[in-house]
Amino acid sequence: MTVINNASLKPFNTFGIDAKAASYCDINSIEALNTILKKQHSNPLFILGGGSNMLLTKDIEALVLHINLKGIEVVSTSKNTVIVKAMAGENWHNFVLWCLQHNYGGIENLSLIPGNIGTAPIQNIGAYGVELKDVFVSCEAVNIKDQSVKTFLKSDCNFGYRESIFKQGIKGEYIITSVNLELTTLNHQLHTDYGVIRNELDTQSITQPTIQDISNAVIAIRQSKLPDPKEIGNSGSFFKNPIITAEEFTELEQNFPEAPSYKISETAIKIPAGWLIEKAGFKGKRFKDYGVHDKQALVLVNYGNATGKEIFELAQLIQKTVKRLFNISIETEVNII
Ligand code: EPU
């Protein structure tokens with residue numbers, strides 16, 4: 001176990017921000033994790049997973065623990081399903097590909113989402129009509145203070161739209177070490193209702209899609225809209241889609257009858273933040289080395305050497321402008337550090 005002082009975090013965050021960690025340690029085993037947690041006691045720690053949902057606006061004055069635990073195994077099988085346990089440091093998309101190779105269904109719509117297994121439950125990752133909670137069984141986590149191990153069942157996690165208990169009540173108390181998911185081996189439940197998926201399958205003349213076909217369609221859609229973090233630094237959707245009340249929606253519709261919307265309930269309507277940001281004139285705007293992606297206004301990008309502070313200031317300008325034009329507040333999905 002090697003601790004490196006004054007380490008650059010650029011390779012470890014998908015925004016590619018060159019912030020420094022006071023010290024950094026790669027964690028490859030549960031034993032190493034427990035040892036370092038015992039030693040650290042009350043010293044400040046910063047837990048890093050795939051680095052795909054954070055914007056570093058400053059250096060980290062703490063020991064950064066990079067959770068790099070690896071391993072995937074089937075822990076039980078039943079007639080139509082398997083429970084697969086994946087360690088927190090496994091890359092999410094590689095895990096999806098592994099599941100497809102084994103013909104395990106349930107997460108094909110979540111293909112190509114950046115990040116690691118261990119951080120997937122924290123924000124209940126979701127795309128194209130599927131959320132992690134739909135296949136989640138449980139996760140194991142280590143308490144940072146006393147190293148006790150706790151299993152969180154789905155019912156403990158308080159999952160919501162990009163939300164979970166790990167972002168709320170117990171934020172910063174646990175390190176997720178592994179996740180158990182229940183996947184189908186037969187009679188896969190396909191989620192093809194999302195318009196863009198249907199269109200993509202139609203374009204390819206696929207009438208009876210397999211889970212692999214759906215994954216391929218999702219990959220094609222994502223690649224056409226979302227920048228590859230290996231080429232252009234980004235953290236996927238920077239903002240959450242706001243959920244507004246029926247009264248607020250009536251007001252929006254009066255001024256902008258063309259506004260897209262998704263009814264969640266009689267009193268709650270989701271508005272795509274990408275539309276609000278595009279309408280506010282930010283789509284494709286570039287300032288120095290940072291800006292708003294030209295194909296998806298929800299994504300802020302680092303073209304090379306932007307600082308986290310610059311990107312955060314742009315995010316604040318977007319929030320203020322959207323509030324002024326539409327009287328709607330948009331919250332960041334990405335964690336601002
Ligand atoms: N739109 C625009 N302009 C834009 C982008 C979007 O007008 O530049 C409007 C269009 O009306 C479009 C609608 O927004 O039809 C929805 O766009 P899209 O299907 O791309 O989805 P989204 O709401 O922008 C959400 C998730 C994505 C996920 C997609 C597909 C959030 C914050 N984002 O985006 O998740 O891939 O749905 O399910 O919920 C992520 O979290 O990093 C992420 C990429």
Side-chain angles (χ1 to χ4, degrees), residues 13-15 49-55 92-93 96 107-116 119-134 159-164 167 191-200 214-215 217-229 232-244 252-253 256-264 268-286 291-301 315 318-319 321-322 325-326 328-335:
N13 70 99
T14 60
F15 249 124
S52 65
N53 200 37
M54 60 186 217
L55 178 67
W92 174 263
H93 182 61
V96 174
I107 52 173
E108 52 284 352
N109 293 48
L110 305 180
S111 297
L112 218 60
I113 294 189
N116 286 354
T119 38
I122 299 178
Q123 60 154 0
N124 182 26
I125 58 170
Y128 308 108
V130 175
E131 287 183 329
L132 183 81
K133 73 169 171 51
D134 303 333
F159 286 128
Y161 167 57
R162 299 297 193 272
E163 276 299 340
S164 75
K167 286 175 96 174
H191 298 269
T192 54
D193 331 333
Y194 220 86
V196 277
I197 295 196
R198 259 275 67 88
N199 294 346
E200 186 63 36
I214 292 178
S215 171
V218 168
I219 290 173
I221 297 162
R222 290 188 76 99
Q223 284 178 337
S224 71
K225 281 205 220 165
L226 298 167
D228 179 351
I232 302 176
N234 76 91
S235 257
S237 302
F238 196 91
F239 301 97
K240 290 195 218 178
N241 288 328
I243 295 167
I244 62 174
L252 179 72
E253 251 192 331
F256 303 95
E258 75 280 22
S261 62
Y262 310 97
K263 196 167 166 182
I264 295 179
I269 293 115
K270 198 188 255 189
I271 309 293
W275 181 84
L276 299 168
I277 298 167
E278 178 171 348
K279 195 82 184 167
F282 285 102
K283 191 171 185 172
K285 273 262 155 58
R286 177 169 177 165
V292 178
H293 190 52
D294 57 352
K295 298 196 186 79
Q296 164 56 286
L298 206 45
V299 178
L300 304 191
V301 290
I318 291 173
Q319 284 172 317
T321 313
V322 165
L325 293 177
F326 306 102
I328 293 177
S329 303
I330 51 172
E331 278 175 38
T332 61
E333 181 189 327
V334 167
N335 294 312

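What's counted below: heavy atoms across the whole structure, side chains too, no hydrogens, waters or symmetry copies. Order of appearance sets the numbers: ligands from 1, and atoms from 1 within every ligand.
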Counting heavy atoms only, name the option from Leu112, Asn241, Val299, Val334 that's nearest to atom 22 (P) of ligand 1. Asn241
For atom 35 (O) of ligand 1, which protein heavy atom lies nearest, and how many Å away is it? Arg162 NH2, 2.9 Å
Show the atoms of ligand 1 that are less than 4.0 angstrom away from any heavy atom in Arg222. 36 (O), 44 (C)
What atoms of ligand 1 come within less than 4.0 Å of a heavy atom belonging to Glu333? 32 (C), 41 (O)
Checking a contact table here: which protein heavy atom is nearest atom 38 (O) of ligand 1, and how many Å away? Tyr128 N, 2.6 Å
Taking both backbone and side-chain atoms of Phe239, is any N or O found less than 3.5 Å from an N or O belonging to ligand 1? no
Quick check for you: to the nearest 0.5 Å, what is the distance between Asn116 atom CG and Trp92 atom CH2? 11.0 Å
Looking only at protein heavy atoms, identify the closest one to atom 6 (C) of ligand 1 and say how far it is in Å. Gln296 OE1, 3.8 Å
With heavy atoms of Tyr161 as the reference, note each atom of ligand 1 found under 4.0 Å away. 31 (C), 32 (C), 39 (O)
What residue among Arg222, His191, Glu108 forms side-chain contact (heavy atoms from CB on, under 4.5 Å) with Tyr128? Arg222
What's the shortest distance from atom 34 (O) of ligand 1 to any protein heavy atom, and which residue and atom give it? Leu298 CD2, 4.0 Å
Lys279/Glu258 ion pair, N-O < 4.0 Å: yes
For atom 37 (O) of ligand 1, what is the closest protein heavy atom, and at what distance to 0.1 Å? Tyr194 OH, 3.9 Å
Ligand 1 atoms in contact with Lys283 (distance to a heavy atom under 4.0 Å): 3 (N), 4 (C), 8 (O)
Is there any N or O on Ser235 that sits under 3.5 Å from an N or O of ligand 1? no
In ligand 1, which numbered atoms sit nearer than 4.0 Å to a non-hydrogen atom of Lys225? 18 (P), 19 (O), 20 (O)
What pairs with Gln319 under side chain to side chain donor-acceptor pair (under 3.5 Å), at least two apart in sequence or on another chain? none
May I ask whether Phe282 has any heavy atom positioned less than 4.0 angstrom from an atom of ligand 1? no
Protein heavy atom at shortest distance from atom 8 (O) of ligand 1: Ala297 N, 2.8 Å
Identity and distance of the protein heavy atom lying nearest atom 1 (N) of ligand 1: Trp275 N, 3.7 Å
Donor-acceptor pair, side chain of Ser235 and main chain of Ser52, under 3.5 angstrom: yes
Can you tell me how far NZ of Lys295 sits from NZ of Lys225, rounded to the nearest 0.5 angstrom? 12.0 Å
Report yes if Lys295 has an N/O atom closer than 3.5 Å to an N/O atom of ligand 1; otherwise report no. no
So which protein heavy atom does atom 15 (O) of ligand 1 come closest to, and at what separation? Tyr262 OH, 4.1 Å
Please report whether atom 10 (C) of ligand 1 has a protein non-hydrogen atom at a separation of less than 4.0 Å. no
Need the ligand 1 atom indices (1-based, order shown) with element for anything under 4.0 Å from a heavy-atom of Pro260. 11 (O)
Point-to-point distance, once rounded to the nearest 0.5 Å, from CD of Gln123 to CG of Asn335: 7.5 Å
Of the listed options Pro272, Gly236, Ser237, closest to atom 44 (C) of ligand 1 (non-hydrogen atoms): Ser237
Quick check on side-chain contact (heavy atoms from CB on, under 4.5 Å): which of Val292, Leu300, Val301 does Phe238 satisfy it with? Leu300
Sequence neighbours left out, what passes ring pair (Phe, Tyr, Trp, His ring centres under 6.0 Å) with Phe256? Give chain and number order. Phe326
If only atom types and distance count, is the side chain of Tyr161 paired as donor or acceptor with the main-chain N or O of Asn241 below 3.5 Å? yes
Counting only heavy atoms on the protein side, is anything nearer than 4.0 Å to atom 27 (C) of ligand 1? yes
Can you check whether Lys133's main-chain N or O pairs, donor with acceptor, with Glu131's side chain at less than 3.5 Å? no
Hey, does Leu112 have a side-chain heavy atom less than 4.5 Å from the side chain of Leu226? no
Could you grab the distance from atom NZ of Lys283 to atom NE2 of His293, nearest 0.5 Å is fine? 8.5 Å
